[in-house]
Amino acid sequence: MASFKTLDDINVSGKAVLLRVDFNVPMQDGHVADATRIERSLPTIVELAEAGARVVVASHMGRPGGRRIRDLSLEPVARELTARLKGRPVIFAEDCIGPVPQQAVATMTDGDILVLENLRFHAGEESNDMEFASSLARLADIYVDDAFSAAHRAHASVEAVTHILPSAAGRLMQAELESLDAALGNPKRPVAAVIGGAKVSSKLNLLGNLVEKTEVLAIGGGMANTFLHAIGIDVGTSLCEHEMAGHARTLLDKAKAAECKVVLPTDALVEAELAAGAEVKVVPIKRVPKDRMILDVGPKTAEDICRQIESCHTLIWNGPLGCFEVPPFDTGTNTVARKVAELTRAGGLFSVAGGGDTLAALAHAGVSDDFSYLSTAGGAFLEWLKGKPLPGVAALERAAADFPG
Ligand code: 3PG
Ligand code: MG
């Protein structure tokens, strides 16, 4: 793994630290609906505060496009953070640059925490503007990045700022990078990937990278239908990207050349429409009725995938295998997820999951606590699976060389 600084390499006592987190959390009626990302950055915030830093917390929320949008204020998030920090005072600044946060920082004492207003209220954030980054940097002596889930964005608070301030990774960023390295960078082999979700088109590069890096690639979800169609199987009225058949065949050839075993569904749960409590109809994959759609992998397929995973030491999971939100089409995902949980608990498997719907599907299967590592990242996890350097990570590596010592 390339090298970047961590909190072990910097002295923050008596310093102001600009801490980039990803508090882009789901909101409902003005309240934080899921505080996972806040919780996962708490260790970094507390460690910095306890080490005597003045902690200036910065994040984006939503996509306001450079305008101030009331519903995308980070004030409710600051309140949630206060509740979770149990007694540590948190101040909120109604802007992220200029006199308002500057005055707030001036009143802070060591160990205090300040939350800045949404970075994306200024267009300079997303355009990676140096002047905007300088205004942010003026608030602090050191920069710490704990926002792996925003590391795929070359934005000012992620990239440009690392050219100005000495920079290090926070504990969450560090944990994400170490886990992902153990899963794909430098894994214990054999490695299996379980990839689901709706569309092949959105995951083409990712699948191309995985066939080179894994021994087993199990494909489920809507995207499996495109592969089935590509090898001449009639998928009825299933979601299917017919125009992607050529790409799917190329990927299968690439997998063969790389000696990656691709596991496609051999049976499926089918229905005329997606409805809860539907009577389960299992059909062999070559007998999908013309007027039915595939809504989950069948029991034989789930068993095949489980058997393949049993012989692996590392597993990467992204995307559900079926329409897990509507039982019984959660059966395939639940079966495989519980197998991964069991193997992980037994100590033989290192398992990592992330991206999009994945964590919701695993929570639904009741296995959230049993995977080795759950990434907080959506888009960044998918970008990372493609095998390309993420701008935010590259920035930390470059900064470690620019600011040695
Ligand atoms: C995310 O939730 O994926 C990150 O916070 C990045 O948000 P973005 O997709 O709006 O850049
Ligand atoms: Mg996103």
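Each ligand, and each atom within it, is numbered from 1 in the order the structure gives.
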Quiz item: Cation over ring, Arg171 on Phe148, under 6.0 Å and within 45°?
Solution: no
Quiz item: If you draw a 6.0 Å radius around NZ in Lys256, do more than 12 non-hydrogen atoms from other residues or ligands fall strictly inside?
Solution: no
Quiz prompt | Distance-only N or O hit between ligand 1 and His152, under 3.5 Å | solution = no
Quiz item: Under 3.5 Å between some N or O of ligand 1 and some N or O of Ser149?
Solution: no
Quiz prompt | Contact atoms of ligand 1, heavy-atom distance to Arg63 under 4.0 Å | solution = 8 (P), 9 (O), 10 (O)
Quiz item: Ser73 pairs by side-chain contact (heavy atoms from CB on, under 4.5 Å) with which of Met61, Met27, Arg68, Glu117?
Solution: Glu117
Quiz prompt | Distance-only polar pair, side chains of Ser351 and Thr344, donor-acceptor under 3.5 Å | solution = yes
Exercise. Test side chain to side chain contact (heavy atoms under 4.5 Å, CB included) on Val115 and Val77 and set out the steps.
Key: CA-CA 9 Å; Val115 176; Val77 173; 5.8 Å; no
Quiz prompt | Proximal atoms of ligand 1 relative to Asp22 (non-hydrogen, under 4.0 Å) | solution = 4 (C), 5 (O)
Quiz item: Got more than 12 heavy atoms from elsewhere within 6.0 Å of CD, Glu243?
Solution: yes
Self-check item: Atoms in ligand 1 flagged as close to Asn24, the criterion being non-hydrogen separation under 4.0 Å
Solution: 1 (C), 2 (O), 4 (C), 5 (O), 7 (O)
Quiz item: More than 12 foreign heavy atoms under 6.0 Å from NZ of Lys199: is that the case here?
Solution: no
Self-check item: Atoms of ligand 1 close to Arg153 [distance to a heavy atom under 4.0 angstrom, numbered from 1]
Solution: 8 (P), 9 (O), 11 (O)
Practice problem: Just jot down the ligand 1 atoms closer than 4.0 angstrom to any heavy atom of Arg120, in number order. | Solution: 7 (O), 8 (P), 10 (O), 11 (O)
Self-check item: Mode of His155 contact toward ligand 1 - side chain, backbone, both, neither (heavy atoms, under 4.0 Å)
Solution: neither
Self-check item: Glu126 near ligand 1 by a heavy-atom separation under 4.0 Å
Solution: no
